[in-house]
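Note: hydrogens, waters and symmetry copies are ignored here, and every other heavy atom, side chains too, is used. Each chain gets a letter, A, B and so on, in the order the sequences are listed, and its residues count up from 1.
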Amino acid sequence: MQKVTPRSEDYARWYTDVIQMADLATYAPVRGCMVIKPYGYALWENLQRSLDRRFKETGHENAYFPLFIPESFIKKEAEHVEGFSPELAVVTVGGGEVLEEPLIVRPTSETIIGHMFAQWINSYRDLPLLINQWANVVRWEKRPRLFLRTTEFLWQEGHTAHATSEEAEAETIQILGIYREFAEEQAAIPVTPGKKSESEKFAGALHSYTIEAMMGDKRALQSATSHNLGQNFAKAFEIKYLDTSNQQQYCHTTSWGMSTRMVGAIIMVHGDDMGLKMPPRLAPVQVVIVPIYKTDEERAAVMAMANETHETLRNAGFRVKMDNRDGLTPGFKFNDWEMRGVPIRVEIGPKDVQNRQVVLARRDQPGKEGKLFMGVDGLAENVSSLLESIHQSLFNSALAFQKANTREVETYDAFKEAVQSGFALAWWAGSREDEAAVKEETKATIRCIPFDQPGGSGKCVYTGKEAKEVALFARAY
RNA sequence: CGGGGCGUAGCGCAGUUUGGCUAGCGCGCCGGCUUUGGGUGCCGGAGGUCCCCGGUUCGAAUCCGGGCGCCCCGACCA
């Protein structure tokens, strides 16, 4: 097995190396598409389970809508069609015959779900309608990258309808809170929640909200979005209800999503030159056991204790893997599991059998410093607190990195320097055109207007006009 | 869509300039021995439409023409 390209040498290659060497995914024989391998899919499933639980706890229900959307549906909302038409995959032939109306392979499902909502909603009593679907979508991207932007990707898309503008806004914000909580508490990724600028918002939305995270190369990644669609789609699809005074009213709708892109975030936020670091709460394998022996005699004793340990930890509810592969040296296995990012490795050798102890090695502290001896008694408790501590340490170092590379800037010169490598926080009162000019000159865009504002006012970093809000700028994926 | 690179074993590549013997190497894979507390070593073996089509030639991975595909950088996009 060879080593990954160091991050400092070529970050993009490091990223694709890690994905393939850690066995998360591989290129498919179709341009821009990937095969998610079992280890990568297991991570996605853990992520899915965790998010799904949160959606259900807040009253949402899962459903499933068709992969194909009639072309005319896409065209009903003006901004929506303009935003998405360049990246649509279109089916024109079915069963050997040219279709009367082409079918779009869904790039997102606002339109077809809007069409169904119009039929399902009649009365204020039908509201709110809170639906989520887990699905694949297709966007014909010009420049695909594994997990970050693949032609086909997996995601969840929530779609809700409400009686009032206030309720729709509250839903949009609530969901963003769920995404933030998920990112921080499950994936150990600190994020900046905020509002999208006019030019960055979703095609057809009133407002878009986002959580932005800083990757290991100091670029930003939009990790999830939540949109208040206002009445735009309700009007396009006639989603109406009768209010208590028997008046027809348009609904206020929302949509929100998190995708397999999140896997890319996990790789780029935590990974190092030895490979992945899986956040413990989502890790497909939380603990790997590596038995070490020379003779058959040793093997019998070591395996007995290794199996006992395996069972103890499994019964305690951990995701445990026994690496009893023959013919591979311990050193090889250590490196292999470090590449895969398993948070805790348990080493058991003849010496440990004698002393009724094991060696625990933590992935976030490489080498000897991360190793500690631990008695077999009470192992499960110790593993539990160690996993917690690893989660915290991953989160803390990601947060420290983000803070160290985020600068508050007042002049445009300082701004330009800051966004070369990192985030810049700056007062902003510019127009859409100003934003485009900044992008042209620096490649940086407004990632969001953070919820967390200093208050008061300041001087816009670009126009010099009086500004009431601070924007977060960065180069983004 | 613009620029660059590449297509030869599962993966990474050499060979192509200057056509010629049975198409090689490393990793991985299979078998055996050896080794095992930080990427063991040795021996043997399996594995190929040299991207595709056409042409030139006694002879093409190699030369000529056409096509296809993928990757990277940029523009676009969320």
Side-chain angles (χ1 to χ4, degrees), chain A residues 1-5 10-13 15-17 20-21 23 26-34 80 82-88 107-108 137 139-146 148-151 153 155 157 196-197 199-205 208-212 220-227 255-261 264 274-275 290-296 298-299 302 323-339 345-355 357-359 361 366-368 370-371 373 436 439-440 443 445 447-448 475-477:
Chain A
M1 190 183 300
Q2 65 204 41
K3 294 190 173 176
V4 293
T5 306
D10 185 340
Y11 197 82
R13 263 188 67 192
Y15 177 75
T16 46
D17 281 0
Q20 294 181 84
M21 291 174 69
D23 225 17
T26 187
Y27 288 105
V30 182
R31 195 197 91 93
C33 293
M34 62 176 173
H80 191 67
E82 194 192 327
F84 278 102
S85 55
E87 48 189 285
L88 297 178
T108 179
V137 287
R139 296 180 187 179
W140 218 264
E141 302 287 357
K142 303 287 185 202
R143 181 131 181 246
R145 270 163 84 50
L146 291 174
L148 299 178
R149 197 182 295 103
T150 44
T151 302
F153 59 95
W155 75 347
E157 49 179 322
K196 279 287 175 195
S197 69
S199 55
E200 292 276 329
K201 74 175 189 188
F202 178 76
S208 285
Y209 299 98
T210 175
I211 53 172
E212 297 286 326
L221 183 74
Q222 173 180 302
S223 306
T225 45
S226 183
H227 314 290
S255 70
W256 27 275
M258 182 182 278
S259 72
T260 35
R261 169 181 269 192
M274 295 191 304
V290 178
I292 300 161
Y293 46 79
K294 292 190 176 87
T295 63
D296 282 351
E298 282 177 356
R299 179 193 173 114
V302 164
D323 187 358
N324 53 7
R325 288 179 291 176
D326 243 354
L328 295 176
T329 61
F332 181 91
K333 292 180 181 179
F334 295 169
N335 284 285
D336 194 29
W337 292 109
E338 278 164 4
M339 177 62 68
R345 178 178 71 243
V346 177
E347 303 170 16
I348 302 177
K351 288 181 228 162
D352 305 310
V353 174
Q354 277 188 349
N355 303 331
Q357 66 172 26
V358 298
V359 176
K368 293 254 191 287
K371 290 196 182 185
F373 296 91
K439 184 180 180 183
E440 177 70 26
K443 292 185 179 172
T445 50
R447 302 321 305 149
C448 68
R475 298 179 62 178
Y477 275 98

Who pairs with [X] by salt bridge (Lys or Arg N to Asp or Glu O under 4.0 Å), at least two apart in sequence or on another chain?
| X | value |
| --- | --- |
| A:D10 | none |
| A:D17 | none |
| A:K142 | none |
| A:R299 | A:D326 |

Produce the list of close N/O pairs, under 3.5 Å, pairing protein atoms with atoms of nucleotides 75-78 of chain B; give distances to one decimal.
residue: B:C77; atom: O2'; partner: A:E87; partner atom: OE2; Å: 2.4
residue: B:C77; atom: O2; partner: A:E141; partner atom: OE1; Å: 3.2
residue: B:C77; atom: O2; partner: A:R149; partner atom: NE; Å: 3.3
residue: B:A78; atom: O3'; partner: A:R139; partner atom: NH1; Å: 3.2
residue: B:A78; atom: O2'; partner: A:Q222; partner atom: NE2; Å: 2.6
residue: B:A78; atom: N6; partner: A:Y477; partner atom: O; Å: 2.3
residue: B:A78; atom: N1; partner: A:R261; partner atom: NH1; Å: 3.4
residue: B:A78; atom: N1; partner: A:Y477; partner atom: O; Å: 2.3
residue: B:A78; atom: N3; partner: A:R261; partner atom: NH1; Å: 2.7
residue: B:A78; atom: N3; partner: A:R261; partner atom: NH2; Å: 3.1

Stem list for RNA chain B, please, built from Watson-Crick and G-U wobble pairs under 3.5 Å and keeping only runs of at least 3.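 The stems are B:1-7 with B:68-74, B:10-13 with B:24-27, B:29-33 with B:41-45, B:51-55 with B:63-67.
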Could you list the residues that satisfy ring pair (Phe, Tyr, Trp, His ring centres under 6.0 Å) with [X], not counting sequence neighbours?
| X | answer |
| --- | --- |
| A:Y477 | none |
| A:H227 | A:F202 |
| A:Y209 | A:F451 |
| A:Y11 | A:W14 |

Gap in Å between the two [atom1] atoms, one belonging to [N] and one to [M], rounded:
| N | M | atom1 | answer |
| --- | --- | --- | --- |
| B:G66 | B:U56 | C1' | 15 Å |
| B:U8 | B:G3 | P | 25 Å |
| B:G4 | B:G26 | P | 35 Å |
| B:A23 | B:U62 | C1' | 12 Å |
| B:G54 | B:C11 | P | 26 Å |
| B:A9 | B:C50 | C1' | 10 Å |
| B:C13 | B:U57 | P | 36 Å |
| B:C27 | B:G45 | P | 16 Å |

To the nearest Å, give me how far apart [atom1] ([X]) and [atom2] ([N]) are.
| X | N | atom1 | atom2 | answer |
| --- | --- | --- | --- | --- |
| A:Y27 | B:G12 | OH | P | 11 Å |
| A:R13 | B:G12 | CZ | P | 11 Å |
| A:R145 | B:C70 | CZ | P | 17 Å |
| A:D10 | B:C71 | CG | C1' | 12 Å |
| A:Q20 | B:C27 | CD | C1' | 15 Å |

Return the set of residues passing side chain to side chain contact (heavy atoms under 4.5 Å, CB included) with A:E200 (not counting sequence neighbours), or none when no residue passes.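 Checked A:E200 against side chain to side chain contact (heavy atoms under 4.5 Å, CB included); matches are A:K196, A:S197, A:E435, A:T445, A:R447.
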Classify the ring geometry of A:H80 against A:F84: parallel below 30°, tilted from 30° to 60°, perpendicular beyond 60°.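 Geometry flag for A:F84 against A:H80: tilted rings.
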Is atom CH2 of A:W140 surrounded by more than 12 heavy atoms (other residues, nucleotides or ligands) closer than 6.0 Å?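 Not more than 12 within 6.0 Å, no.
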Do the side chains of A:K201 and A:T225 get nearer than 4.5 Å, heavy atoms only?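 Of all side-chain heavy-atom pairs linking A:K201 with A:T225, none is under 4.5 Å.
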Does the protein touch nucleotides 33-38 of chain B at the base, only the backbone, or not at all? Give it as B, S and - per nucleotide, heavy atoms under 4.0 Å. ---BBB
